[in-house]
Amino acid sequence: MKASGVYAFANAMGWNMTTIAQAIGTTSMMLSRSKAKLLSSHTSENALEVARLSMIGIDYFGSIDIWNAWLNNAHIKLDGREPRTMLNSIRGRELIKSVIKQLQFGFTA
């Protein structure tokens with residue numbers, strides 16, 4: 001994946017480059033230096049996973065704005081942390097996905 005694809009995703013989500021860089025485990029400086037180049041396979045995989053998770057979140061919450069608002073609010077099921085702070089790890093993304101599934105099936109959140 002090229003960094004330009006990450007820029008397009010961040011733009012569609014309304015995220016700044018610092019936010020998307022943190023979410024995929026890199027820096028905004030690295031993304032800006034490699035805009036036309038391919039990202040590492042690890043960074044590309046993280047970007048795709050964040051995009052997939054975002055599609056799940058947008059589907060559940062009904063809009064990008066509500067998804068973004070949810071990402072920025074501390075959640076009891078995530079030890080009081082904001083979901084956005086957990087996007088940069090596989091475990092964090094799995095926890096977020098689990099919370100969304102629980103919300104879908106009526107578990108209290």
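Worth knowing before you read on, the calculation uses all heavy atoms, side chains too, and leaves out hydrogens, waters and symmetry mates.
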Inset, instruction - For P83 and L78, work out which heavy atoms get closest and say how close. - result: CG-CD1, 3.6 Å

Legend entry - Partners passing side-chain hydrogen bond (donor to acceptor under 3.5 Å, both in side chains) against S4 (at least two apart in sequence or in another chain): none

Inset, instruction - Identify, with sequence neighbours excluded, every residue that meets side-chain hydrogen bond (donor to acceptor under 3.5 Å, both in side chains) alongside S44. - result: none

Which pairs of donor and acceptor atoms, one on a side chain in residues 15-23, lie under 3.5 Å apart (sequence neighbours left out)?
| unit_1 | atom_1 | unit_2 | atom_2 | d |
| --- | --- | --- | --- | --- |
| W15 | NE1 | N68 | OD1 | 2.5 |
| N16 | OD1 | T18 | N | 3.1 |
| N16 | OD1 | T19 | N | 2.7 |
| N16 | OD1 | T19 | OG1 | 2.9 |

Legend entry - Where at least one partner belongs to residues 35-58, residue pairs that pass salt bridge (charged side-chain N to carboxylate O under 4.0 Å, His left out), sequence neighbours excluded: E49-R93

Legend entry - Pairs touching residues 79-92 that satisfy salt bridge (charged side-chain N to carboxylate O under 4.0 Å, His left out), sequence neighbours left out: none

Inset, instruction - Taking the side chain as every heavy atom from C-beta outward, state whether N88 and I24 have any atom pair closer than 4.5 Å. - result: no

Atom pair [atom1] ([X]) and [atom2] ([Y]), whose distance is rounded to the nearest 0.5 Å:
| X | Y | atom1 | atom2 | value |
| --- | --- | --- | --- | --- |
| M86 | L71 | CE | CG | 11.5 Å |
| N46 | L87 | CG | CG | 10.0 Å |
| H75 | I96 | NE2 | CD1 | 10.5 Å |
| L53 | L48 | CG | CG | 12.5 Å |

Inset, instruction - State plainly whether one hydrophobic cluster holds both M30 and V6, where clusters connect Ile, Leu, Val, Met, Phe, Trp and Tyr through side-chain heavy atoms under 4.5 angstrom apart. - result: no

Legend entry - With S32 via side chain to side chain contact (heavy atoms under 4.5 Å, CB included) - residues at least two apart: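 Once residues adjacent in sequence are excluded, the partners of S32 under the side chain to side chain contact (heavy atoms under 4.5 Å, CB included) criterion are Y7, M29.
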
Tabulate below the donor-acceptor pairs under 3.5 Å that side-chain atoms of residues 58-67 make, not counting sequence neighbours, or state none.
| unit_1 | atom_1 | unit_2 | atom_2 | d |
| --- | --- | --- | --- | --- |
| S63 | OG | I66 | N | 3.1 |
| W67 | NE1 | S54 | OG | 3.4 |

Inset, instruction - For K2, enumerate each residue passing the salt bridge (charged side-chain N to carboxylate O under 4.0 Å, His left out) test, keeping only those at least two apart in sequence or located in another chain. - result: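 With sequence neighbours excluded, K2 shows a salt bridge (charged side-chain N to carboxylate O under 4.0 Å, His left out) to no residue whatsoever.
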
